[in-house]
Amino acid sequence: MAPGEKIKAKIKKNLPVTGPQAPNIKELMQWYCLNTNTHGCRRIVVSRGRLRRLLWILFTLTAVALIFWQCALLISSFYTVSVSIKVHFQKLDFPAVTICNINPYKYSAVRHLLADLEQETRAALKTLYGFSEITSRKRREAQSWSSVRKGTDPKFLNLAPLMAFEKGDTGKARDFFTGRKRKVNARIIHKASDVMHIHNSKEVVGFQLCSNDTSDCAVYTFSSGVNAIQEWYKLHYMNIMAQVSQEKKINMSYSADELLITCFFDGVSCDARNFTLFHHPMYGNCYTFNNRQNETILSTSMGGSEFGLQVILYINEEEYNPFLVSSTGAKVIVHRQDEYPFVEDVGTEIETAMATSIGMHLTESFKLSDPYSQCTEDWSDVQITNIYNATYSSQICLHSCFQAKMVENCGCAQYSQPLPQGADYCNYQQHPNWMYCYYQLHQAFVREELGCQSVCKEACSFKEWTLTTSLAQWPSEVSEKWLLSILTWDQSQQIKKKLNKTDLAKLLIFYKDLNQRSIMENPANSIEQLLSNIGGQLGLWMSCSVVCVIEIIEVFFIDSLSIIARQQWHRAKGWWARRRAPACPEAPRTRQGRVNPGLDIDDDLPTFTSALSLPPAPGAQVPGTPPPRYNTLRLERAFSSQLTDTQEAAES
């Protein structure tokens with residue numbers, strides 16, 4: 001071996017083994033602790049004494065645990081939001097305003113359709129509460145159905161019998177049709193509130209619904225007979241009106257000229273042409289103001305009642321259905337132009353003979369979608385078919401889901417909501433089981449067993465108008481006479497009677513101010529902030545940087561895996577070589593001696609000193625000093641003959 005190669009091999013042998021060239025994991029970890037920039041690891045190796053080394057191990061592991069804990073908190077809180085509220089003062093778009101009479105159809109127009117239902121309802125009331133002046137209860141119950149029994153049997157009370165239960169005795173009930181008690185083999189479902197009980201009634205009123213084969217029945221009871229009668233009447237009312245065409249129902253309801261007497265907006269006169277017809281199944285003809293007609297949205301540049309919408313409504317209490325509605329007035333709802341007006345859910349009622357002022361504050365909300373929240377921008381990620389011609393909202397999604405469940409389980413759609421494509425409204429003739437099915441689904445919907453609440457998501461952006469309502473008597477006593485006279489004269493073509501103040505209602509809707517409040521969600525963290533926070537934790541607990549993290553990844557993952565793979569490879573090669581080697585007799589075991597360090601092979605030539613340190617070979621005689629060769633001291637002639645020029649001259 002050349003001298004230069006010998007020197008390189010000697011230096012390499014004395015230097016520590018690094019990286020994947022280390023023979024085992026222990027030496028790799030020792031090299032890492034001696035050369036890393038993290039302080040704790042180095043102190044573990046260089047510290048003297050077991051106690052000090054144990055303390056440094058404890059401190060280092062604690063720091064590592066704190067780093068992992070703090071980094072886990074930072075990562076878990078990455079998808080959080082911060083809410084900012086901004087207030088803008090600007091010209092605001094006026095919302096859409098939908099107005100409905102509480103009574104959906106004029107009583108004179110639908111009375112012929114509801115004659116049988118009303119007759120049975122009045123007879124049931126007479127049986128239960130005795131509206132006649134007959135004092136004897138037995139005689140009242142016996143005579144209550146005398147007028148009905150002269151004709152055909154009552155079909156409505158046969159389909160859903162009205163019953164009265166004595167308190168504490170649910171096994172027997174008094175039937176309104178016969179006036180006698182009978183056994184009830186059905187589940188009792190009480191519709192009263194479980195939170196508040198105002199009084200304990202002697203009797204509980206309800207009605208029974210059964211499936212087609214009448215094997216499965218349920219009795220729905222109410223804490224008040226008023227609620228029971230109205231709910232029972234409403235079921236049969238929906239069944240009757242579901243069989244009437246849309247065109248006939250529009251003609252039986254109120255027209256815009258009948259409902260709207262006067263109209264002002266932003267100080268400018270308006271009329272019925274500024275309103276759009278919207279037919280609601282349970283509220284009849286409703287009319288929407290500022291419904292983006294001709295792609296134009298009205299706006300207002302001033303706040304106050306004089307710069308909003310002012311209308312006088314003709315309620316016409318004489319045309320009210322006495323069993324369907326129990327209050328007088330109108331309903332109004334403020335909403336976006338592309339939003340469906342849920343009058344029955346969020347409508348505000350307006351009283352007659354009163355001026356109702358509604359002040360508005362606009363709030364616009366913007367939420368972050370996935371992964372920050374479960375909101376949705378549209379119907380793309382909601383597995384429900386939209387049956388409303390309107391933008392997405394959680395309320396629309398829930399109603400659409402319930403209608404889909406009705407069509408799936410009952411074979412028909414609920415009458416109080418829009419009709420899904422390819423479906424029919426529920427009625428007795430085509431769907432005799434729909435009442436029982438409807439109530440079963442409704443109970444499951446309230447208990448959140450249909451899955452609609454888990455499927456429907458909240459909208460990411462929406463507008464909300466906060467309403468403040470105030471009332472004032474209108475018209476006043478001093479102005480009642482002349483005001484009603486002029487209104488009667490103005491509406492003489494539409495209204496054929498003298499107006500009364502109980503037939504009128506005044507409505508004012510306006511912005512209280514032009515301050516628009518925007519609530520916006522923003523990401524509370526970013527990638528830069530997350531990396532900065534993690535770097536701060538690494539520097540705080542272990543004085544570590546990004547380079548140290550890369551070094552840890554290299555040593556603990558790349559180099560360690562390389563060493564483990566190399567060790568496994570050598571084991572596999574040895575196993576394969578032993579398997580393929582021919583079998584040979586086992587050599588006798590000999591006693592092994594200790595390693596003699598003097599026998600280490602060195603590539604350098606032996607010197608005199610190193611030669612003296614070598615032990616003598618076994619059985620060899622150590623040579624001594626050889627005797628001198630005396631014959632070498634004998635003089636010999638260097639030349640056999642002498643040259644001629646050196647010879648002496650002969651004597652003469």
Side-chain angles (χ1 to χ4, degrees), residues 1-2 4-72 74-75 530-531 534-582 584 586-587 589 592-597 599-604:
M1 183 181 292
E5 296 295 331
K6 293 179 181 179
I7 294 174
K8 290 181 181 179
K10 191 115 180 172
I11 294 174
K12 186 176 181 181
K13 183 177 180 181
N14 294 330
L15 288 176
V17 180
T18 62
Q21 301 299 325
N24 51 50
I25 300 295
K26 180 180 179 181
E27 293 188 12
L28 177 65
M29 293 297 105
Q30 185 176 7
W31 170 85
Y32 169 75
C33 292
L34 289 173
N35 294 274
T36 184
N37 292 327
T38 55
H39 299 166
C41 297
R42 182 178 178 85
R43 298 299 302 176
I44 294 175
V45 178
V46 302
S47 295
R48 296 181 178 180
R50 293 183 179 181
L51 179 60
R52 184 174 296 181
R53 184 173 297 177
L54 181 62
L55 289 176
W56 274 108
I57 292 175
L58 181 62
F59 293 154
T60 304
L61 293 179
T62 303
V64 172
L66 289 174
I67 289 175
F68 277 105
W69 177 51
Q70 293 293 330
C71 292
L74 291 174
I75 295 174
L530 179 63
L531 294 178
I534 293 177
Q537 296 296 326
L538 293 174
L540 174 64
W541 297 108
M542 291 194 67
S543 184
C544 187
S545 63
V546 177
V547 178
C548 294
V549 174
I550 298 175
E551 186 181 78
I552 291 172
I553 295 174
E554 178 188 11
V555 172
F556 283 86
F557 293 96
I558 300 177
D559 294 349
S560 299
L561 293 177
S562 300
I563 292 174
I564 294 173
R566 186 171 63 247
Q567 291 176 350
Q568 296 297 327
W569 171 250
H570 288 317
R571 290 178 183 176
K573 286 179 62 178
W575 173 81
W576 182 253
R578 290 191 302 271
R579 184 176 181 181
R580 299 194 62 180
C584 58
E586 185 177 357
R589 294 184 179 182
Q592 297 180 355
R594 295 183 178 180
V595 178
N596 191 349
L599 297 179
D600 289 343
I601 299 175
D602 195 352
D603 294 335
D604 296 334

Asks: To the nearest 0.5 Å, what is the distance between CG on L66 and CH2 on W541?
Replies: 4.5 Å
Asks: For residues 567-576, please give each side-chain donor-acceptor pair under 3.5 Å, one per line with the distance, not counting sequence neighbours.
Replies:
{"residue": "Q567", "atom": "NE2", "partner": "P23", "partner atom": "O", "Å": "3.0"}

Asks: For the CD1 atom of I67 and the OG1 atom of T62, what is their distance to the nearest 0.5 Å?
Replies: 11.0 Å
Asks: Would you say the side chain of L540 lies within less than 4.5 Å of the side chain of Q70, judging by non-hydrogen atoms?
Replies: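 No, every pair of side-chain atoms sits at 4.5 Å or beyond.
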Asks: Between CG of L530 and CD1 of I534, what distance do you get to the nearest 0.5 Å?
Replies: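 It is 4.0 Å, given to the nearest 0.5 Å.
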Asks: For the atom pair CD1 (I558) and CD1 (I563), what is the distance rounded to the nearest 0.5 Å?
Replies: 12.5 Å
Asks: Rounded to the nearest 0.5 Å, what separation is found between the CH2 atom of W69 and the CG atom of L74?
Replies: 10.5 Å
